[in-house]
2 protein chains.
Amino acid sequence: MSNKEGVSKETRKKVLKEAKRIGYRPNQLARELVTKQSNTIGVIIPDILNPFFAEIAKGILEEASIKGYTALLCVTNWDVQLEKKYIKNLEEKRVEGIIIKPCEDEQKLEDSINTPYVILEGNNVNSAHSCVEVDNEKGGYIGTKHLIECGYRKIAYVGGKKYAYSNEKRLKGYKRALAENNIDLDENLILSGEFDSKSGYELAKTALADNPHIDGIFCGNDVMALGVLHYANQAGINIPEELGVVGFDDISYASLPQIELTTVYQPKYNLGKLAVNTLLDDIKEGKEKTLKRIILQPDLIKRKTTRKI
Amino acid sequence: MSNKEGVSKETRKKVLKEAKRIGYRPNQLARELVTKQSNTIGVIIPDILNPFFAEIAKGILEEASIKGYTALLCVTNWDVQLEKKYIKNLEEKRVEGIIIKPCEDEQKLEDSINTPYVILEGNNVNSAHSCVEVDNEKGGYIGTKHLIECGYRKIAYVGGKKYAYSNEKRLKGYKRALAENNIDLDENLILSGEFDSKSGYELAKTALADNPHIDGIFCGNDVMALGVLHYANQAGINIPEELGVVGFDDISYASLPQIELTTVYQPKYNLGKLAVNTLLDDIKEGKEKTLKRIILQPDLIKRKTTRKI
DNA sequence: CTGAAAGCGCTAACAG
DNA sequence: CTGTTAGCGCTTTCAG
């Protein structure tokens with residue numbers, strides 16, 4: 001049936017007969033059980049409504065399909081408990097590997113995952129997984145530097161969870177840009193919340209209430225930036241004259257003519273594709289896998305939420 | 001191990017021992033093979049980057065997880081061949097059921113699916129599946145009626161694939177609204193393309209070039225409306241004074257202060273939840289299942305791309 | 001209440 | 001080249 005080298009007449013007959021018999025479908029489950037290959041990978045992301053993750057997911061799904069794999073997609077809503085549950089489920093389903101963007105610190109994952117896995121936006125110091133990401137520090141740097149070059153001086157950092165890996169990296173880049181330009185770091189200008197629009201809105205409100213002299217905001221991601229823009233719009237703050245805003249990710253909505261958000265581009269789709277190829281390599285290499293650390297380059301996209309220079 | 005009524009001492013000991021032994025994980029595959037219950041459903045949607053589908057997917061994923069099911073998500077990019085391939089894969093994986101938004105006419109699906117399935121936005125005349133959708137005809141009607149009430153008279157219909165079920169329904173509602181208000185139907189004003197932003201842009205361009213007197217556009221979905229708005233913006237057309245635009249879906253970006261798109265709301269998340277519950281019911285009921293046809297109500301959301309009345 | 005045995009649908013490793 | 005057999009890791013059934 002699985003056409004290896006074989007007969008010619010007999011086989012063909014059988015095939016025809018089988019095909020007839022009310023649509024025979026080979027039972028993958030049985031096959032997986034005996035070959036110990038599920039041809040399935042697990043994918044865990046925090047938020048499918050954020051186009052950033054949606055596009056990564058798209059890249060993952062497509063690449064997996066091309067490589068003959070199916071993907072089990074799980075979304076955690078940034079809930080660590082759910083994340084744990086999903087990992088357990090996936091392992092019981094005998095996925096061959098997992099691609100995960102952790103809700104929190106990835107260090108804790110080490111214990112709970114016994115399957116090969118690659119982390120999206122995480123480090124792999126001392127650990128047994130590969131990871132793929134964009135150079136977040138550089139992204140934070142070029143975004144902030146651009147604000148400075150546009151003449152903004154009191155620049156706030158409005159980010160996601162304080163100790164999230166990507167947030168820390170971007171923040172580091174932000175600080176470096178400030179330092180290089182002799183702008184004193186003001187810790188009060190560093191705010192953190194969630195990686196969503198609502199949080200962007202609230203944080204902008206708080207920040208500008210507490211420090212009315214803020215004239216620039218570097219956002220942890222585009223979705224937050226949208227929230228910041230929302231607040232600014234509502235508060236009658238003129239963008240980009242009174243306030244410069246830069247985001248991170250370059251989601252498709254950032255380029256809408258009504259938005260024109262200056263932002264730091266990430267190759268999202270590619271990140272997804274690379275994640276599965278890296279994972280598949282790791283799986284193939286088995287125990288003696290060489291851990292990979294894939295870092296893509298971000299890119300500054302100048303649009304209209306920052307002044308022209 | 002699966003704690004039924006049993007021992008007390010002996011069992012506990014075993015459990016402890018097993019737990020110790022380098023993390024024992026029950027093999028779901030084997031269990032599924034013998035119980036013939038995979039606790040898995042398949043989900044096939046055309047486009048995960050469209051927030052409409054992303055939110056439906058979210059509803060599906062969450063509800064499935066709550067009900068103890070895992071979901072295999074497949075995205076087709078509106079490619080019928082891929083859709084077929086995914087259906088085959090899912091059946092070989094022995095999913096218990098499939099939730100699908102078909103790329104094309106769902107009539108053709110009948111032959112290829114041998115598993116219980118529910119269709120998102122499709123009819124179930126003479127067929128063996130349930131379906132869940134919003135009242136698309138009504139949606140088309142209230143959207144168009146609103147344009148008329150705002151004083152627009154030359155209203156174009158810019159939709160997706162001509163013979164897609166949801167498109168046909170919405171178009172029907174559009175025609176009914178026109179007829180009820182004694183506005184002559186002009187077939188030249190009915191355009192169709194793809195359900196994406198680019199197509200909205202192109203269609204708006206064509207429509208307005210061919211018929212400069214158009215003063216209103218009813219769009220097949222919000223993503224297309226965004227494209228229409230993009231073109232209008234670029235062509236210097238004043239919205240809503242010179243041109244009224246209404247969308248369909250109410251994706252989150254429609255409510256952004258920079259967009260404020262008037263649109264027809266769909267309970268997307270709920271649609272997803274209901275789809276899985278309907279499917280699970282159908283699975284449970286087995287052969288004697290009573291087919292369901294679940295129709296939710298759309299709602300007009302007036303924002304700023306149509307004139308105030 | 002517990003242990004042993006059968007079998008889910010397939011593949012792999014054998015002989016014929 | 002074919003047919004047979006064993007067994008993947010579990011659940012279920014049936015004795016002990």
Side-chain angles (χ1 to χ4, degrees), chain A residues 1-42 67-70 72 85-98 112-116 283-284 286-287, chain B residues 1-42 67-70 72 85-98 112-116 283-284 286-287:
Chain A
M1 273 260 63
S2 49
N3 66 305
K4 293 179 186 172
E5 303 165 9
V7 226
S8 50
K9 265 192 179 177
E10 209 97 4
T11 313
R12 228 197 268 176
K13 262 191 190 173
K14 267 196 178 176
V15 169
L16 278 169
K17 255 194 183 173
E18 296 297 304
K20 258 192 190 175
R21 273 180 33 187
I22 305 188
Y24 165 74
R25 283 263 181 288
N27 188 328
Q28 272 296 343
L29 257 41
R31 179 181 275 140
E32 291 168 14
L33 183 59
V34 53
T35 59
K36 286 160 168 299
Q37 289 206 141
S38 62
N39 288 311
T40 304
I41 59 171
K67 294 289 166 63
Y69 276 73
T70 19
L72 282 163
K85 184 188 143 193
Y86 284 136
I87 292 172
K88 186 165 151 276
N89 278 347
L90 291 175
E91 295 197 323
E92 294 186 347
K93 285 258 180 190
R94 292 298 186 270
V95 294
E96 294 182 24
I98 295 176
S112 43
I113 307 194
N114 302 304
T115 310
I283 293 171
K284 207 180 299 160
K287 272 294 167 203
Chain B
M1 274 260 63
S2 49
N3 67 306
K4 292 180 188 172
E5 303 166 8
V7 224
S8 50
K9 266 194 179 176
E10 209 96 2
T11 314
R12 228 197 267 175
K13 263 191 189 171
K14 268 197 175 175
V15 169
L16 279 169
K17 254 194 181 172
E18 294 298 304
K20 259 192 188 173
R21 271 181 34 189
I22 305 188
Y24 165 74
R25 284 262 181 290
N27 187 328
Q28 272 298 341
L29 257 41
R31 179 183 269 133
E32 290 168 14
L33 183 59
V34 54
T35 60
K36 285 158 169 301
Q37 288 208 142
S38 62
N39 288 312
T40 304
I41 60 172
K67 293 290 165 64
Y69 276 73
T70 19
L72 282 162
K85 183 188 143 194
Y86 285 136
I87 291 172
K88 185 165 151 276
N89 277 348
L90 291 175
E91 295 197 325
E92 294 185 348
K93 285 258 180 190
R94 292 299 186 268
V95 294
E96 294 182 23
I98 294 176
S112 43
I113 306 193
N114 302 304
T115 311
I283 293 170
K284 207 180 300 161
K287 271 294 167 200

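Throughout, protein chains are lettered first and strands after them, A, B, ... in sequence-line order, and every chain is numbered starting at 1. Please read these numbers as outputs of a predicted model, since none were measured by experiment.
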Chemist: Measure from CZ on B:R25 to P on D:dC10 and round the result to the nearest Å.
Modeler: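 Distance, rounded to whole Å: 12 Å.
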
Chemist: Nearest to the side chain of B:V34, which nucleotide is it out of D:dC10, C:dG9, C:dT11?
Modeler: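 Closest nucleotide to the B:V34 side chain: D:dC10.
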
Chemist: Step by step, work out the side chain to side chain contact (heavy atoms under 4.5 Å, CB included) result for B:E96 and B:Q37.
Modeler: CA-CA 7 Å; B:E96 294 182 23; B:Q37 288 208 142; 3.7 Å; yes

Chemist: Whole angstroms only, please: what is the CG-P distance between A:L33 and D:dC10?
Modeler: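 Interatomic distance, CG of A:L33 to P of D:dC10: 9 Å.
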
Chemist: A:N27 has an atom CG; how far is it from atom P of D:dG9, in whole Å?
Modeler: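 These atoms are roughly 17 Å apart.
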
Chemist: Taking the minimum atom-to-atom distance to the side chain of A:T35, which one of D:dC10, C:dA12, C:dG9 wins?
Modeler: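 The closest nucleotide is C:dA12.
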
Chemist: How many angstroms lie between CG in A:N27 and CG in B:L33, if you round to the nearest 0.5 Å?
Modeler: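 Rounded to the nearest 0.5 Å, the CG-CG separation comes to 6.0 Å.
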
Chemist: For A:Q37 and C:dG9, what is the distance between atoms CD and P respectively, to the nearest whole Å?
Modeler: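 Atom-to-atom, A:Q37 to C:dG9, this comes out as 22 Å.
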
Chemist: Short question: side chain of A:T115, backbone of A:E91 - any donor-acceptor pair under 3.5 Å?
Modeler: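 The answer is no, because no donor-acceptor pair under 3.5 Å joins these two groups.
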
Chemist: Could you tell me the separation between the CD atom of B:E32 and the C1' atom of D:dT12, rounded to a whole number of Å?
Modeler: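 Taking atom C1' of D:dT12 as the reference, CD of B:E32 is at 17 Å.
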
Chemist: Given side chains that start at C-beta, do those of B:T40 and B:K93 come closer than 4.5 Å, heavy atoms only?
Modeler: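 No. Closest side-chain heavy atoms not under 4.5 Å.
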
Chemist: Where the side chain of A:P26 is defined as all heavy atoms beyond and including C-beta, which of C:dG9, D:dT12, C:dC10 is the nearest nucleotide?
Modeler: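 The answer is C:dC10.
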
Chemist: Any side-chain N or O of A:K36 less than 4.0 Å from the OP1 or OP2 oxygen of C:dT11?
Modeler: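 Checking C:dT11 against A:K36, no side-chain N or O comes under 4.0 Å of OP1 or OP2.
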
Chemist: Taking atom P of C:dC8 as reference, at what distance in whole Å does atom CD of A:Q28 sit?
Modeler: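 Interatomic distance, CD of A:Q28 to P of C:dC8: 19 Å.
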
Chemist: NZ of A:K93 versus P of D:dC8: gap in Å, rounded?
Modeler: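 Rounding to the nearest Å, NZ of A:K93 and P of D:dC8 are 22 Å apart.
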
Chemist: What integer distance in Å separates B:E92:CD from C:dC8:C1'?
Modeler: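 To the nearest whole Å, that distance equals 18 Å.
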
